[in-house]
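Structure first, commentary second.
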2 protein chains.
Amino acid sequence: MQKAIQNRTIKTRAKLLSAAEAVIQSDGYQALRVEEVVKAAGVAKGTFFAHFNDKDALMEILIGERLNACLDQAEAGTPPKTVPEIIAALEPAHSFMTSERYVFDLLIRYSGATAVADIGPIAYCFERYFRVVMLWLEAADMRKDVSSELLAEGVQAFAIQAMSLRFCALHSATTFTDRLETYLDAWLTPTG
Amino acid sequence: MQKAIQNRTIKTRAKLLSAAEAVIQSDGYQALRVEEVVKAAGVAKGTFFAHFNDKDALMEILIGERLNACLDQAEAGTPPKTVPEIIAALEPAHSFMTSERYVFDLLIRYSGATAVADIGPIAYCFERYFRVVMLWLEAADMRKDVSSELLAEGVQAFAIQAMSLRFCALHSATTFTDRLETYLDAWLTPTG
DNA sequence: ATGAAAAAATGACCACGGTCAATATTAAAT
DNA sequence: ATTTAATATTGACCGTGGTCATTTTTTCAT
């Protein structure tokens, strides 16, 4: 006997999500505690885990939302044609992705879907990032000896590398943007 | 008044390390519990944290050791000259790095040193990986329009990308080796 | 040998994510 | 309106990483 989804379900879920957003707003993602969220939402702890498999699932949703907004912004502008333009267009996304060490680590951890069944919000965002970049590259004046798919995968790999090094004290001499530009010049318009 | 380092210190540390190795040997890295390690080592829990800052610090040591052994192996052979040879030389390292999801995630998380002061075993391994590849590339017949440093950084970025996708159900059609070969061909010997 | 100070080890304790049997609420069938 | 079963909520409880005041052991100057 299938019963309709209850009103209070979506209400509780909304309460949890907005409580979590408030916590993050003031203290960042890293500092979020499930106990604090449920207290702010006025529900029991068990309720949280009835709505989200685990804390990471909530994080995936919230981080995925923000990242999707960045990708919306990237898609809204006129398609970038050059490496600096591409980097500029992706800047909001990259900036958010490296806003917190915690966020970056979680993004990497969930960037790939473990099972085809559970493509989470973050895995979806990575797919979308890839697709957006691929479309740009197709219309831009880049090397044509390999497919746009491959080029886009490479852009993603280099962006992740550059973001990783942003957190690394050993490589802090070069800025993120400079490094990524060096990578992408060499990747997208080789002269060798 | 500075006092000499005590014998029991290194003995206790050795006990903890070998106990941890035994646990990992039988159940893998993911399953390691600090309580189990201290029980096997016959010490109190507090002692563990007097020897290692946290569980991750122990993991860094053990994983770094194994990875260093893989890099020893890579350096022992004759320097690879072609992309397939490079991939073959790095195979033990890549294989270990992706042996467990837990291991891969930890590697990525500690691949960069947060502060110059604390270059951990894993950050050191990544530096070493980079250096080894760079030396190979200098002696191989690869594109010369960009520096070997840059090429080596790219190899690392693509290797990480290929390893990431190994855990991803969405991209399981292509094997790790095939994917990495495609990446490195396009990166190291572009024809565009 | 003795006393003092530094180093090491201890284990009760805490923080926090996550579980689950019990309870409460809701929607539909009668 | 009453019953029934699916759904939602609860909070005591657990597992595990990590802390710290206290105790034990070692080292060294005398």
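Owing to the predicted nature of the structure, the values given are computational and were not obtained by experimental measurement. Residue numbers start from 1 in every chain, and the chains themselves are labelled A, B, ... in the order their sequence lines are given, proteins ahead of strands.
Using a 4.0 Å cut-off between a side-chain N of Lys or Arg and a carboxylate O of Asp or Glu, B:Arg33 and B:Asp27 do not qualify as a salt bridge. Checked for salt-bridge contact, A:Arg109 and A:Asp105 miss the test: no charged N lies under 4.0 Å from a carboxylate O.
Distance NE2 (A:His51) to P (D:dT7): 14 Å, rounded to an integer number of Å. A:Arg13 has its CZ atom 16 Å from the C1' atom of D:dT9, to the nearest Å. For B:Lys15 and C:dA9, the NZ to P distance is 8 Å, given to the nearest whole Å. In this structure, the CZ atom of B:Phe52 is 14 Å from the C1' atom of C:dA9, given to the nearest Å. Straight-line distance from the CG atom of B:Asn7 to the P atom of C:dA7: 16 Å, rounded to whole Å. Atom pair A:Ile10:CD1 and D:dT7:P shows a separation of 16 Å (rounding to whole Å applied). In this structure, B:Lys39 atom NZ and D:dG15 atom P are separated by 13 Å, rounded to whole Å.
Taking the ring axis of A:Trp136 as reference, the NZ or CZ atom of A:Arg131 does not stay both within 45° of it and closer than 6.0 Å to the ring centre.
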Check step by step if side-chain contact (heavy atoms from CB on, under 4.5 Å) holds for A:Leu67 and A:Ile122.
CA-CA 8 Å; A:Leu67 192 49; A:Ile122 288 179; 5.7 Å; no

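Side chains of A:Glu100 and A:Phe104 form no contact here, defined as non-hydrogen atoms less than 4.5 Å apart. Within the 4.5 Å cutoff, the side chain of A:Thr174 has no heavy atoms near those of the A:His171 side chain.
Put simply, B:Thr9 has no side-chain N or O that comes within less than 4.0 Å of OP1 or OP2 on C:dA7.
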Footprint string (nucleotides 15-25 of chain C, 5' to 3'): B base within contact, S backbone only, - free, heavy atoms under 4.0 Å:
-BBBBB----B

